[in-house]
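Every chain is numbered from 1 and lettered A, B, ... according to where its sequence line falls, protein lines coming before strand lines. What you are looking at is a predicted structure, and each value in this text was computed from that prediction instead of being measured. Computed from heavy atoms alone, side chains included, the values below leave out hydrogens, waters and symmetry copies.
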Amino acid sequence: MTAPLVGASVRRKEDFRFITGQGHYTDDISRPGQAYAYFLRSPHAHAKIKHIDAGAARAIKGVAAILTGADLAADKIGGLICGWMIHSKDGSPMKAGAHPALAVDRVRYVGDHIAIVIADTLAIARDAAEKIEVDYELLSAVTTPDKAQASGVAQLHNEAPRNTAFQWELGNKPETEAAFKAAAHKVKLKLKNNRLIPNAMEPRAAIGEYDQGSGGYTLYVTSQNPHVARLVMSAFIGIAPEHKLRVVAPDVGGGFGSKIFIYAEEVVCTWAAKKVGRPVKWTAERSESFLSDAHGRDHVTEAEMALDAEGKILGFRVKTLANMGAYLSTFASSVPTYLYGTLLSGQYAIPAIHVEVDAVYTNTAPVDAYRGAGRPEATYVVERVVEEAARQLKIDPAEIRRRNFVRKFPHQTPVIMNYDIGDYEASLNAALKLIDYKEWPARKAEAKKRGKLRGIGFSTYIEACGLAPSAAVGSLGAGVGLWESAEVRVTPTGQVEVFTGAHSHGQGHETTFAQLVAGRFGIPLENVEIIHGDTNSVQFGMGTYGSRTSVGMTAIVKALDKVEAKAKRIAAHVLEASAADIVLENGEFKVAGTDRKLAFHELALNAYTGHKFPTHEIEPGLKESAFWDPLNFTFPAGCHICEVEIDPETGVTKIAAFVAVDDFGNVINPMIVEGQVHGGIAQGIGQAMLEHGVYDPESGQLITGSYMDYTMPRADDLPNYKVGLTVTPCPSNPLGMKGCGEAGAIASPPAVINAITDALGVKEFEMPATPLRVWQAIQARH
Amino acid sequence: MPGVSMTVNGKAVTGEVEARTLLVHFLRENLRLTGTHVGCDTSQCGACVVHLNGKAVKSCTLLALQAEGSQVTTIKGLAKNGHLHPVQAAFKEHHGLQCGFCTPGMIMTAVDMIRRIPDLDETIIRQQLEGNLCRCTGYQNIVKAIHAASLEMKGARA
Ligand code: FES
Ligand code: FES
């Protein structure tokens, strides 16, 4: 008997091609006769386009075409869409400004798309772009959310007065007010969640291709969800009907949300391929990624918590301004609303919550989901305020959390979510042990002797992932369902091909999904192939984001159930037994209690020859598909604790220790899960200490437009994380899993900032904690 | 267009390039050695690291013409006779990669690091990775993989 595959740290199947330089990322693909595209972008934050003269550029040898918004409009190509309808508290639908893929008469942020230049080489395309004369009429710009609604500032969209996309609320206002009236303590904080630029290491890329013979388009693109890209480009943008549009997302070098969205470049390259009669390839330079990938976060919040004399939370009210950037990106509207407000109860039993969110336009890149999407923002608000409450009430930060934990499940929060299971005390206790909390005072004292300020910060987070029951998200405004599909094909010689709509771009699906299948059938891991990322092979899928792999894997389980049931019926005929007596053990179909058996590959061959069973009763072949719509969100939760040490002379802050204990339910591959936690924490620490997307408030220029100015976490900025797991199996899917992709990025920023404010003895502190800011905070104390 | 010739992964190659063509583009476009990646335009991510006459260089920071007559090794030339280099094997064993995009540059940097510095420890490895960005792994397992490979290679030499 071999060790079980599910639950083992199996080394990854996909690694070989990556460590030997044989991956196939979009930019590695070269199509015969391809031309190269360069996008002319707006150098201004806000301007009217009065005239575009591309005459001189078109005359350059090797230029195939220069196309603008007017050409798109002439071909009746629609604009980019936002697929989640949010209604304001007055009942009115959100005000989505038109978002043409190439600007028509106005540009609204630096990097906005004006024209595509297509040429024989990239160098020629770039040279030609420089020769295009655009006559701009400059308009004033507004870049920060706190200014956007003021009178007299730039107005971005006629459809959206006061630059306001929507004014949304959730929860119960009167009950929350009443809780505040009864409160012994009120704790209030102003918080900013800094703008982040996702920076997957592979820049976005697209190759559009048109086949005249079939009238079909193919798009190779850096996408987390190729089927959704096809659906949107077909149904809303009108490039081609779905059956004439193939979207391939090959190896993708990280996404973190930024490759969910349907961007202008891929739409334009696909459309332009037909116009120029050759494949059109575009790859972003890193500076273009900075300018035009959807950014993340950018909230300004005021939060206030009501507590009784013992530190029990009675009520929570939150007001947030969310910067949406210049246009509503694909899923942008869901992020500061249903992915945010619904998580404001944290791990706590809070009787009354009310949240109001104003979403505003500014002359900046569109803001959309970035690792965690709304949930990091919510967790930052909850965990910063709870920690501050502990300090004001002089209760130990672990203790105040214990007093408020949800302990009975299922638990209905006042903000939609129904927590199905969890044990918050268990992960808190495990984290306290891992950090050796008992010795904390000694460590602080020892650091003081060395002249260092040491601080500790907690974050007991919860998130909702495994997105999500289709009817539920539909009722909240989603334009799509959030099920997943899978097809399992057994070949006549007994290997298994799994077609999944979940895309893998670092998550290791080719391994974990194969573990599931190989484990179920008792066949070697090498005999299982996971196929994803191509609309021509996979029937449909919603893609990978929101730690929704539990959805994709459950779809596979459902398809495996069907395959196994059919295989048993076939085995019964071949082995001349009743189907009820057939068992599947160690890769063999056996008649229970006898030595009659069929190896998996023998069964497969029988299924395809059809010699030994009545094919009018049981169809030949062995291939089944399934769609799985999740029954609930899943609720990973846990506790992260951070210790920092600050040099008061310089403000330089080091993470002295970081522990994370997470409850992801059952785990398929602990090695991969741990890797996801490491990466998530690195991005969270990046947000807390290093990263900040900054626009010049006057000119609207992106100041942090390269790795010179935008501080990515490097190896020597980060500590070794100690991680651990606790397990409460998720009841809403057969695998009992919850998802692990975002937890690190959600949990860690408040842990870091709570540690820094503890070390400094200050109440408020803005991310990122650069040495300058820390030093300034130290100076301001005196 | 000027001609250029060099030895890449043990094979003599020639090509015609514009004077402004970067080595990384010569490798990727002319020779179709797409294992070497481009992650930035300011020489800061290290996705493009190759060995030039045995030393790690960022191939986006050299013109193809500057490599005239040189010996270039890319990620595709690292495994010999179907055997993974110990650093490649260690990246797999210790889960030092997720999306794999930074990986070729990380591995080429690591091989050079191990060659230059006899006694690597975690701190030194983290400092030495100053020129390589990874957005996926949080670096912990990359550091672990490099350390393990360095010990293994030392053992093999002893
Ligand atoms: S591509 Fe060479 S350092 Fe980034
Ligand atoms: S593994 Fe994805 S960037 Fe390093």
Between E285(A) (side chain) and D41(B) (backbone), is there a donor-acceptor pair under 3.5 Å? no
So which part of T103(B) gets closer than 4.5 Å to some heavy atom of chain A, the side chain, the backbone, both or neither? side chain
Among A200(A), S30(A), G508(A), which residue forms the greatest number of heavy-atom pairs with chain B at distances under 4.5 Å? S30(A)
Quick one: does R32(B)'s side chain have a donor or acceptor within less than 3.5 Å of a partner on D28(A)'s backbone? yes
Please identify, among C102(B), C40(B), G35(B), the residue contributing the most non-hydrogen atom pairs under 4.5 Å to chain A. C40(B)
Side-chain contact test, heavy atoms from C-beta onward, threshold under 4.5 Å: evaluate it for L84(B) versus F16(A) and give yes or no. yes
Non-hydrogen atoms of chain B under 4.5 Å away: do they reach the side chain of Y707(A), the backbone, both or neither? both
Region of A284(A) in contact with chain B, defined by heavy-atom distances below 4.5 Å: neither
Check each atom of I685(A) against the heavy atoms of chain B and say whether the ones under 4.5 Å are side chain, backbone, both or neither. neither
With the side chain counted from C-beta on, respond yes when F18(A) and P104(B) share a heavy-atom pair under 4.5 Å apart, and no when they do not. no
Could you look at T283(A) and say if it's the side chain, the backbone, both or neither that has a heavy atom under 4.5 Å from chain B? neither
Between R371(A), H24(A), E691(A), R17(A), who has the most heavy-atom pairs with chain B when the cutoff is under 4.5 Å? E691(A)
Could you give the distance from CZ (R286(A)) to CD (Q44(B)), rounded to the nearest 0.5 Å? 11.0 Å
Using a cut-off of under 4.5 Å for heavy-atom pairs, which of D251(A), I681(A), I672(A), V252(A) has the most such pairs with chain B? I672(A)
Rounded to the nearest 0.5 Å, how far apart are OG1 of T121(A) and CD of E29(B)? 10.5 Å
Of the backbone (N, CA, C, O) and the side chain (C-beta and beyond), which part of S706(A) lies under 4.5 Å from a heavy atom of chain B, both, or neither? side chain
Chain B contact via V677(A) - side chain, backbone, both or neither, heavy atoms under 4.5 Å: neither
Which region of Q676(A), side chain (C-beta onward) or backbone (N, CA, C, O), has a non-hydrogen atom less than 4.5 Å from a non-hydrogen atom of chain B, or is it both or neither? both
Does some side-chain heavy atom of F256(A) sit less than 4.5 Å from a side-chain heavy atom of C99(B)? no
Let's go through R126(B) and D717(A) carefully: what are the C-alpha distance in whole Å and the side-chain angles of both, what is the deciding distance for salt bridge (Lys or Arg N to Asp or Glu O under 4.0 Å) to 0.1 Å, and is it a yes or a no? CA-CA 8 Å; R126(B) 286 186 182 271; D717(A) 295 317; over 6 Å; no
For L718(A), is it the side chain, the backbone, both, or neither that has a heavy atom closer than 4.5 Å to a heavy atom of chain B? both
N/O donor-acceptor pair under 3.5 Å between R28(B) side chain and D27(A) backbone: yes
If you look at every heavy atom in F101(B) and Y25(A), which pair is closest and at what distance? N-OH, 3.3 Å
If I compare all heavy atoms of C45(B) with all of M201(A), which pair ends up nearest, and what's the gap? CB-CE, 3.6 Å
Give, as side chain, backbone, both or neither, the part of V87(B) having an atom under 4.5 angstrom from any heavy atom of chain A. neither
Looking at chain A, which one of L133(B), I107(B), I75(B), T42(B) has the largest number of heavy-atom pairs inside 4.5 Å, strictly under? L133(B)
Run the side-chain contact (heavy atoms from CB on, under 4.5 Å) check on E122(B) and N720(A) step by step: do they pass? CA-CA 9 Å; E122(B) 191 199 319; N720(A) 250 311; 2.5 Å; yes
Between A682(A), G744(A), G21(A), A715(A), which residue shows the highest count of heavy-atom pairs closer than 4.5 Å to chain B? A715(A)
Decide yes or no for K92(B) and R12(A): does some side-chain heavy atom of the first lie under 4.5 Å from some side-chain heavy atom of the second? no
Of R135(B), E93(B), K144(B), the largest count of non-hydrogen pairs under 4.5 angstrom with chain A goes to R135(B)
Comparing H95(B), Q127(B), K76(B) against chain A, the one with the most heavy-atom pairs below 4.5 Å turns out to be H95(B)
If only atom types and distance count, is the side chain of Q98(B) paired as donor or acceptor with the main-chain N or O of G675(A) below 3.5 Å? yes
Between Y139(B) and H678(A), is there a donor-acceptor pair closer than 3.5 Å when you use the side chain of the first and the backbone of the second? no
Any side-chain heavy-atom pair of D716(A) and E130(B) under 4.5 Å: yes
